[in-house]
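Structure record follows, encoded as structure tokens.
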Amino acid sequence: MAHGLNRAYKGAMKIATWNVNSIKARMATVLDVLKTIDADVICLQEIKCETENFPYMEIEELGYNCAVHGQKSYNGVALLSRYPLEDVVTGLPGNEDDDQARYIEALVLADRPVRVGGLYLPNGNPAPGPKYDYKLGWMKHLKAHAEAQLKLEEAFVLAGDYNVIPRDEDCWDIAVWRDDALALPTTRAAFRELKWLGLTEAYEAADGRAHEYSFWDYQAGAWQKGHGIRIDHLLLSPQAADRLTGVEIYKKARGLEKPSDHVPVIATLAD
């Protein structure tokens, strides 16, 4: 970790979430995008490497502290921050039996600190079945953790690949996705339950337009045809939501050479 980095940015904090779909395989693209979006905090998912094999040097050279919870070949999450990180948590609290690297959390020591949780929620397909049961169980644990955090009444952000299509209009054609685990009524209900705790979905609050996407499959020319879905979200506690000034979906990343199938979603919070 690059200790002591504390660039005193004034005016705003940019928090991004991005499923990179293998950080090693897309290193050049990842570095290019990180430089371009210039976010203060970035939650990465599907890094697909063990903690010790994360490219710390390359990321730290961009001015980031790194907290990593990795796993060989699958899953894996990381938190990058231009501010010091404190109280780092790896694994979703209350879900200690889970052996998949899907959650990381830390207190970002900016002038106005923000606690950030980065998550990679299970896909859940095929549904019904054990994988879907795992997804819903994971969402229950996430809800319990969010509920506990909200009681602290501090700025708190849960950012990541939720593998949830919240509304029909967050999909290019709901008829294609209706029976998928990402869009099933029980999935959407579990996501709404999270929000009903008092969390604000950043895109919905700051923009909300229909048919804006954060994921385009590699198959069947989905990117070229505009066949996307919106599954990458930032949920904000009231103390963070009060500071929300805007959200950007950085779609340009999908058109780069050797892209991830996801693009960054970036929320801006006022200082």
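Under a hydrophobic-cluster definition in which Ile, Leu, Val, Met, Phe, Trp and Tyr are linked whenever side-chain heavy atoms come within less than 4.5 Å, directly or via other members, V247 and V116 are assigned to the same cluster. Under a hydrophobic-cluster definition in which Ile, Leu, Val, Met, Phe, Trp and Tyr are linked whenever side-chain heavy atoms come within less than 4.5 Å, directly or via other members, V157 and L235 are assigned to different clusters. With hydrophobic clusters built from ILVMFWY side chains whose heavy atoms lie under 4.5 angstrom apart, L31 shares a cluster with I42. Cluster membership check: F215 shares its hydrophobic cluster with I165, using side-chain heavy-atom separations under 4.5 Å among Ile, Leu, Val, Met, Phe, Trp and Tyr. Both V68 and W18 belong to a common hydrophobic cluster when Ile, Leu, Val, Met, Phe, Trp and Tyr are linked at side-chain heavy-atom distances under 4.5 angstrom.
Separating the CG atom in L199 from the CG atom in L150 is a distance of 5.0 Å, to the nearest 0.5 Å. With values rounded to the nearest 0.5 angstrom, M13 atom CE is found 6.5 Å from D271 atom CG. Separating the CG atom in L85 from the SG atom in C66 is a distance of 8.5 Å, to the nearest 0.5 Å. Residue L236 holds its CG atom at 6.0 Å from CG of L244, rounded to the nearest 0.5 Å. One finds the CG atom of L80 at 10.5 Å from the OH atom of Y56 (value rounded to the nearest 0.5 Å). Atom CG of L197 sits about 10.0 Å away from atom NZ of K151, to the nearest 0.5 Å.
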Show me the donor-acceptor pairs, under 3.5 Å and distance only, between side chains in residues 171-178 and residues at least two apart or in other chains.
from, atom 1, to, atom 2, distance (Å)
D173, OD1, A175, N, 3.1

Going through the checks in order, is the side chain to side chain contact (heavy atoms under 4.5 Å, CB included) test met by K24 and N53? CA-CA 9 Å; K24 292 272 182 88; N53 293 329; 3.8 Å; yes
Test side chain to side chain contact (heavy atoms under 4.5 Å, CB included) applied to D161 and L121, step by step: CA-CA 6 Å; D161 175 0; L121 209 145; over 6 Å; no
Where do T17 and Q45 land on the side chain to side chain donor-acceptor pair (under 3.5 Å) test, with the steps shown first? CA-CA 8 Å; T17 179; Q45 302 90 44; 3.0 Å; yes
Begin from the C-alpha positions of Y213 and I231 and carry the test side chain to side chain contact (heavy atoms under 4.5 Å, CB included) through to its verdict. CA-CA 8 Å; Y213 312 128; I231 56 175; over 6 Å; no
How far apart are the C-alpha atoms of R167 and E204, what are their side-chain angles, what is the distance that settles it, and do they pass the salt bridge (Lys or Arg N to Asp or Glu O under 4.0 Å) test? CA-CA 10 Å; R167 315 169 296 179; E204 187 177 59; 5.1 Å; no
Before giving the answer on side chain to side chain contact (heavy atoms under 4.5 Å, CB included), spell out for M139 and V164 the whole-Å C-alpha distance, their side-chain angles and the decisive distance to 0.1 Å. CA-CA 11 Å; M139 294 182 84; V164 174; 4.0 Å; yes
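Put simply, the side chain of R26 gets close to the backbone of P259: a donor and an acceptor are under 3.5 Å apart. No side-chain donor-acceptor contact under 3.5 Å links Y120 to the backbone of G160. Between the S81 side chain and the Y83 main chain, a donor and an acceptor come within less than 3.5 Å of each other. Listed for the T36 side chain is a donor-acceptor partner under 3.5 Å among the backbone atoms of D32. Using a distance-only test at 3.5 Å, with no hydrogens or angles considered, no donor-acceptor pair links the side chain of K135 to the main chain of P130. A distance-only check finds a donor-acceptor pair linking the side chain of K258 to the backbone of A25 [under 3.5 Å]. A donor-acceptor distance shorter than 3.5 angstrom exists from the side chain of E96 to the backbone of G94, with no hydrogens or angles considered. Checking side-chain atoms of Y203 against main-chain N and O of R209 turns up a donor-acceptor pair under 3.5 Å. Between the side chain of Q71 and the backbone N or O of E50 there is no donor-acceptor pair closer than 3.5 Å.
H141 pairs by the ring-ring contact (aromatic ring centres under 6.0 Å, His included) definition with nothing, not counting sequence neighbours. Residues satisfying the ring-ring contact (aromatic ring centres under 6.0 Å, His included) criterion with H69, sequence neighbours excluded, are absent altogether. In terms of the side-chain contact (heavy atoms from CB on, under 4.5 Å) criterion, residue partners of N123 (sequence neighbours excluded) are, by chain and number, N125, N163, L182. For Y134, the side-chain contact (heavy atoms from CB on, under 4.5 Å) criterion is met by D98, Q100, R102, P122, W138, not counting sequence neighbours. Listed by chain and residue number, K143 satisfy the salt bridge (charged side-chain N to carboxylate O under 4.0 Å, His left out) test with E193 (two or more places apart in sequence, or in another chain). By the ring-ring contact (aromatic ring centres under 6.0 Å, His included) test, Y132 is found to be paired with no residue, residues two or more places apart in sequence or in another chain being considered. Y103 is linked by a ring-ring contact (aromatic ring centres under 6.0 Å, His included) to H145, counting only residues two or more places apart in sequence or in another chain. In terms of the side-chain contact (heavy atoms from CB on, under 4.5 Å) criterion, residue partners of K48 (sequence neighbours excluded) are, by chain and number, N21, S22, E46. Taking the side-chain hydrogen bond (donor to acceptor under 3.5 Å, both in side chains) definition, one finds that E86 meets it with nothing, sequence neighbours left out. Annotation: side-chain contact (heavy atoms from CB on, under 4.5 Å) contacts of D179 (sequence neighbours excluded): none.
When every heavy atom of C43 is checked against every heavy atom of G117, the shortest pair comes out as SG-O, 4.4 Å. What you find for L194 and A146 is that their closest heavy atoms are CD2-CB, 4.1 Å. Considering all non-hydrogen atoms of both residues, P55 and M27 come closest at CG-SD, 3.6 Å. Annotation for P113 and D111: closest pair CD-O, 3.5 Å, computed over non-hydrogen atoms.
Residue-environment remark: CD (E257) stays at or below the threshold of 12 foreign heavy atoms within 6.0 Å.
Contact of the I15 side chain with the L234 side chain is registered, since non-hydrogen atoms from C-beta on lie closer than 4.5 Å. Inter-residue side-chain proximity for V263 and W216 is flagged as met; some heavy-atom pair is nearer than 4.5 Å. A 4.5 Å side-chain heavy-atom check between R192 and T187 finds every atom pair outside the cut-off. Contact of the I47 side chain with the V20 side chain is registered, since non-hydrogen atoms from C-beta on lie closer than 4.5 Å. When side chains are defined from C-beta on, D217 does not count as touching W223, because their heavy atoms never get closer than 4.5 Å. Looking only at side-chain heavy atoms (C-beta outward), P238 and T200 stay at 4.5 Å or farther from each other. Between L142 and Y162 the shortest side-chain heavy-atom distance falls below 4.5 Å. Contact of the V30 side chain with the V33 side chain is not registered, since no non-hydrogen atoms from C-beta on lie closer than 4.5 Å.
A salt bridge between K14 and E248 is absent, with no side-chain N of the basic residue lying under 4.0 Å from a carboxylate O of the acidic one. Ionic pairing of D87 and R115 is present here: one or more N-O contacts between side-chain nitrogen and carboxylate oxygen are shorter than 4.0 angstrom.
Pairs passing the side chain to side chain donor-acceptor pair (under 3.5 Å) check and including a residue from residues 227-246, sequence neighbours excluded, read D170-R230, E201-R230, S214-D232, R230-H233, D232-H262, S237-Q239.
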